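Per chain, numbering begins at 1; letters A, B, ... match sequence-line order. Source: prediction; values computed, not measured.
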There are 2 protein chains.
Amino acid sequence: MELTTAEENYLKAIYHLSEEGKKSVSTNDIAAAIQTKPASVSDMLRKLGEKEVIQYRKYYGLQITELGKRLALQTIRKHRLWEVFLVDKLHFSWDEVHEVAEQLEHIQSTLLIERLDAYLNYPKFDPHGDPIPDEYGDVRSRPRIALNEMNIDQGGQIVAVKDSSAAFLRYLDKVGAYIGARIKVLDKVEFDGSVEILVDQKKTLFMSKDVASNILVLQS
Amino acid sequence: MELTTAEENYLKAIYHLSEEGKKSVSTNDIAAAIQTKPASVSDMLRKLGEKEVIQYRKYYGLQITELGKRLALQTIRKHRLWEVFLVDKLHFSWDEVHEVAEQLEHIQSTLLIERLDAYLNYPKFDPHGDPIPDEYGDVRSRPRIALNEMNIDQGGQIVAVKDSSAAFLRYLDKVGAYIGARIKVLDKVEFDGSVEILVDQKKTLFMSKDVASNILVLQS
DNA sequence: TTTTTTTTTTAGATAACTCTAATTTTATTT
DNA sequence: AAATAAAATTAGAGTTATCTAAAAAAAAAA
């Protein structure tokens, strides 16, 4: 079964939305995620339904099938492996990789991905801390918590971000909060949900709830 | 100026045909090179003419413009850099790289190509021995001669192949005639144009004119 | 429970690229 | 130079993916 580049992008978006939102994914959500119009989404949903990567009943909703999940995870695997390549080997910064990986993920060649995986030493996480599915689509994700939901005096390690826009990643780089950084919550302001953290046992950092809620921490 | 993937492929084919054939490139030639129908070529020539990458007068012929040459060389540069990557880093054999490089060459990102070039140590030739244009499209190609045109007792080094089909490359690999091999012409048969050569001072090899004419040698 | 609003889908167009079949132009023969 | 063959182009249609505008269905509000 072969998907076009556009179909892959839709399916990937649907997969991501199904994972996070839990409840059913709406046409509007997909349109927003993929920067297109709802009319185009309706069209594509019909096609994806025919290809049986989603179960689709119009006006009612959709559900991603097992086949769909497998294919989506394959694309996600490719995307994340390429991100590792770009950062580890070509010294891209983590806020520059997304756009290019978005193109590279559609290159068709199983041999290429196998070899790339080996070349990168079978990485388990991408530069943003997101897990890389194996070739069968299995993901071992560590349990993570949003920074703003941690309690005072709790510590952990930054392992991922929710918002991976270039602007946000640049901001994090600037203030010194990188993936892998060891942190500890020093204080929380109930009023606005902002937090104060200690980074790498030396630097104190103040963050709005908005920022903190986009940072995922592996508790220790 | 932006070209689509299809336009890039046509332009690349036109560039290659203009280089080798010397005289004007025909619609049929392009169709054959790109595995499509003459009707599709006519359509595309009109478009490429409008974009001023070729000068095109229908029924008369076409000529690639300076702009067209520059863009074609950029694509060729990308293709050959990726081939080096696949062979040097991912251990592809030289007969497996073409199809994948054909896809990778269309990835859009100047930063990516700059970094890739640096990562590969600014290679000057691809795995088939073909020169890699620099970012301005300059090519320093060494003067080369087809193996069947060499004289008896002349020596040299295999630096490229004309026919880079997987079948041909596999054949060469099998008989032990690789890029970089040092060879010497032992004998030539006038009757059918076949040649006998010594490879790496140890192995004797007999080749039809057909094969020999597809092997390019840097004379020494 | 109507009415209104929001969401979703269809209808109809457009753009890029491809094809087959028909036509036109150029080249080759006789 | 006329007839024939070859090459190139246009006409018309199909595919994929997109859009705007209109219609239909579902959800929310009065």
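Residue-level contact check: Thr27(B) touches the backbone only, with heavy atoms under 4.0 Å from sugar-phosphate atoms and none from bases. Across all strands shown, Ala39(A) has heavy atoms under 4.0 Å from base atoms, whether or not it also approaches the sugar-phosphate.
Cation-pi geometry between Arg115(A) and Phe92(B) is satisfied (NZ or CZ under 6.0 Å from the ring centre, within 45° of the ring normal).
A straight line from CG of Asn28(B) to P of dA7(D) spans 6 Å, rounded to a whole angstrom. Whole-Å rounding puts the Met44(B) CE to dT10(D) P distance at 15 Å. Rounded to an integer number of Å, the gap from CD of Gln35(A) to C1' of dA17(D) is 16 Å. Atom CD1 in Ile54(A) sits roughly 14 Å away from atom C1' in dT8(C) (whole-Å rounding). Note: NZ (Lys47(A)) to P (dT10(C)) measures 13 Å, nearest angstrom. Put simply, CZ on Arg46(A) is 17 Å from P on dT8(C), counting in whole angstrom units. Between the C1' atom of dT15(D) and the NZ atom of Lys51(A) lies a distance of 12 Å, rounded to the nearest Å. Rounded to a whole Å, the CG atom of Asp43(B) is 14 Å from the P atom of dA15(C).
With no hydrogens or angles considered, no side-chain donor-acceptor pair links Ser40(A) and Asp43(A) at under 3.5 Å. Trp82(A) and Asp126(A) share no donor-acceptor pair across their side chains, judged by distance under 3.5 Å alone. Asp210(B) and Ser208(B) share no donor-acceptor pair across their side chains, judged by distance under 3.5 Å alone. In this model, no donor atom of one side chain and acceptor atom of the other lie less than 3.5 Å apart for Thr5(A) and Glu8(A).
The side chain of Tyr59(B) places no N or O atom within less than 4.0 Å of a non-bridging phosphate oxygen (OP1 or OP2) of dT10(D). Between Tyr60(B) and dT9(D), a side-chain N or O to OP1/OP2 separation shorter than 4.0 Å is absent. Look at Thr36(B) and you'll find a side-chain N or O under 4.0 angstrom from OP1 or OP2 of dC19(C). Contact annotation: Tyr10(B) reaches the phosphate of dT18(C) (side-chain N/O to OP1 or OP2, under 4.0 Å).
When Watson-Crick and G-U wobble pairs are counted only if both distances are under 3.5 Å, dT10(D) pairs with dA21(C). In a base pair of the Watson-Crick type (N1 to N3 plus N6-O4 or O6-N4) or a G-U wobble (N1-O2 and O6-N3), with each distance short of 3.5 Å, dA30(D) is matched with dT1(C).
Closest to the side chain of Ser40(A), out of dT25(C), dC19(D), dT8(C), is dC19(D). With dT18(D), dT16(D), dT18(C) as the choices, the nucleotide that has an atom nearest any side-chain atom of Thr4(A) turns out to be dT16(D).
Place Ser42(B) and Lys58(A) on DNA chain D by their nearest nucleotides, and Ser42(B) ends up nearer the 5' end.
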